[in-house]
Protein chains: 2
Amino acid sequence: MIIISYVFDNDKPIYLQLEEIIKKEIFKGELLPSSKIPSVRDFALKYQVNPNTMQKALQGLEEEGFIYTVRTSGKYVTDNKEFILKEKRLVAKNLYQDFINNLRSLGYSDTDIKKILKESEI
Amino acid sequence: MIIISYVFDNDKPIYLQLEEIIKKEIFKGELLPSSKIPSVRDFALKYQVNPNTMQKALQGLEEEGFIYTVRTSGKYVTDNKEFILKEKRLVAKNLYQDFINNLRSLGYSDTDIKKILKESEI
DNA sequence: ATAACTGTACTAAGCAAGTAATACAAAAAA
DNA sequence: TTTTTTGTATTACTTGCTTAGTACAGTTAT
């Protein structure tokens, strides 16, 4: 059992942070489609959280369609690769839009923003 | 007295959201350097929050250097225009870095990111 | 002088959300 | 058949934010 010593942000509920972390594992292919994920208790142990907290996170992921449950057997990553890819792209798109909107709310014009993006080296 | 019917996000403390809102008013020049801002009670009324909540927000802004207090007279926006501009740029820079880091955490490579930025129209 | 307005401090109460502990039900494994 | 493992439900605790009320001190306006 690998224990992940993850530092959680105090500003957000842990279960939401867990959702994001696990979702990223799916996006990155660290959790493969159709594969069985660790049990609620094992997963909780791995991330050093309460099993209920982990369950809440996994319920969220199930409602979103990333995982499904076979009762008394376990939880599995969806086999819908297309869905995973689309979600990943959607998240990226939303990150971009939020970024742009935030710059605008600071008072930057679209011309300013284009300039900022052009001059930026990653 | 203009009442702002602002919808606060339940995920974050109201006083922090107020700090961001007022900070943006300063960045945008809606609150000018050296100008007097509404009293704690008036400001609270304007945003429909408890005076204590508003005071907490204004205290935060004072600690950051955006406003200063003249006791029994009122609170004023800093006259340091240079500071305001630098802070605005810092916020923008951090937004950019967070954006890039988030894309990376989704599994996008730097090459992917460059492509995304290049193909994006605002 | 008096009243009104400024920021500030303090206490208490209540509420909501997150977390934790425990117990239950069903299937699989031994 | 018994034990273990799975997900799930319920209940209680804790924490932090918001709200509310009150009070004080100093300046400004009347």
Side-chain angles (χ1 to χ4, degrees), chain A residues 1-23 26 31 34-78, chain B residues 1-22 26 31 34-79:
Chain A
M1 163 63 63
I2 300 173
I3 306 284
I4 306 285
S5 65
Y6 201 89
V7 180
F8 293 106
D9 184 351
N10 266 333
D11 295 350
K12 258 193 274 186
I14 291 177
Y15 76 95
L16 286 181
Q17 297 181 56
L18 286 171
E19 284 188 39
E20 289 181 12
I21 293 168
I22 297 168
K23 201 183 287 183
I26 296 174
L31 288 178
S34 303
S35 67
K36 184 175 181 177
I37 66 177
S39 75
V40 177
R41 290 172 179 83
D42 281 354
F43 229 155
L45 196 61
K46 180 179 176 186
Y47 282 99
Q48 299 285 286
V49 298
N50 187 281
N52 289 317
T53 306
M54 180 55 75
Q55 164 153 354
K56 197 165 184 181
L58 296 179
Q59 275 178 341
L61 288 174
E62 178 151 19
E63 283 167 19
E64 291 183 76
F66 287 96
I67 62 179
Y68 64 93
T69 299
V70 180
R71 208 179 188 266
T72 71
S73 163
K75 291 170 183 289
Y76 302 81
V77 178
T78 178
Chain B
M1 164 64 62
I2 299 171
I3 307 284
I4 305 285
S5 65
Y6 201 88
V7 180
F8 294 105
D9 185 349
N10 267 335
D11 296 348
K12 258 192 277 187
I14 291 177
Y15 74 96
L16 286 181
Q17 297 181 56
L18 286 171
E19 285 188 39
E20 287 181 12
I21 293 167
I22 297 168
I26 296 174
L31 288 179
S34 305
S35 68
K36 184 175 180 176
I37 67 177
S39 76
V40 176
R41 291 170 179 84
D42 281 354
F43 229 155
L45 197 61
K46 180 179 176 186
Y47 281 100
Q48 298 287 286
V49 297
N50 186 280
N52 289 320
T53 307
M54 180 55 76
Q55 165 154 356
K56 197 166 182 180
L58 296 179
Q59 273 178 343
L61 288 174
E62 179 151 19
E63 282 168 18
E64 292 183 77
F66 287 96
I67 62 179
Y68 65 94
T69 298
V70 180
R71 206 175 192 268
T72 71
S73 163
K75 290 172 182 289
Y76 301 81
V77 178
T78 178
D79 60 353

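Lettering follows sequence order; numbering is per chain, from 1.
Atom CZ in A:Phe8 sits roughly 13 Å away from atom C1' in C:dT19 (whole-Å rounding). Between the C1' atom of C:dG18 and the CG atom of A:Asp9 lies a distance of 14 Å, rounded to the nearest Å. One atom, NZ of A:Lys56, and another, P of C:dT19, lie 8 Å apart when rounded to the nearest Å. Going from atom CD of B:Gln48 over to atom C1' of D:dT19 covers 14 Å, rounded to whole Å. For the pair A:Met54 CE and C:dT19 P, the computed distance is 11 Å after rounding to whole Å. A:Asn50 places its CG atom 14 Å from the C1' atom of D:dT8, with the value rounded to the nearest Å.
Applying the side chain to side chain contact (heavy atoms under 4.5 Å, CB included) test to B:Lys56 and every residue at least two apart in sequence or in another chain returns B:Tyr15. The salt bridge (Lys or Arg N to Asp or Glu O under 4.0 Å) check on A:Lys36 picks up nothing, with sequence neighbours excluded. Partners of A:Asn10 under the side chain to side chain contact (heavy atoms under 4.5 Å, CB included) rule, at least two apart in sequence or in another chain, do not exist in this structure. B:Glu20 pairs by the side-chain hydrogen bond (donor to acceptor under 3.5 Å, both in side chains) definition with B:Lys12, not counting sequence neighbours. Applying the side chain to side chain contact (heavy atoms under 4.5 Å, CB included) rule to A:Asn50 yields the partners A:Asn52, A:Thr53; only residues at least two apart in sequence or on another chain are considered. In this structure A:Leu16 satisfies the side chain to side chain contact (heavy atoms under 4.5 Å, CB included) test together with A:Pro13, A:Glu19, sequence neighbours excluded.
Using a distance-only test at 3.5 Å, with no hydrogens or angles considered, no donor-acceptor pair links the side chain of A:Gln55 to the main chain of A:Val40.
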Side-chain donor-acceptor pairs under 3.5 Å in residues 64-74 of chain A, sequence neighbours left out?
from, atom 1, to, atom 2, distance (Å)
A:Glu64, OE1, A:Lys23, NZ, 2.9
A:Thr69, OG1, A:Glu62, OE1, 2.6
A:Thr69, OG1, A:Glu62, OE2, 3.2
A:Thr69, OG1, A:Lys75, NZ, 3.0
A:Ser73, OG, A:Tyr76, OH, 2.8

Give me, pair by pair, the N or O atoms of the protein and of nucleotides 7-10 of chain C that are less than 3.5 Å apart, along with how far apart they are.
from, atom 1, to, atom 2, distance (Å)
C:dG7, OP1, B:Val40, N, 3.3
C:dG7, OP2, B:Val40, N, 3.1
C:dG7, N7, B:Arg41, NH1, 3.1
C:dG7, O6, B:Arg41, NH2, 3.3
C:dG7, N2, B:Arg71, NH2, 3.0
C:dT8, OP2, B:Lys75, NZ, 2.6
C:dT8, O4, B:Arg41, NH2, 3.4

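Using a 4.0 Å cut-off on heavy atoms, none of the residues of residues 10-18 of chain B approach DNA chain C.
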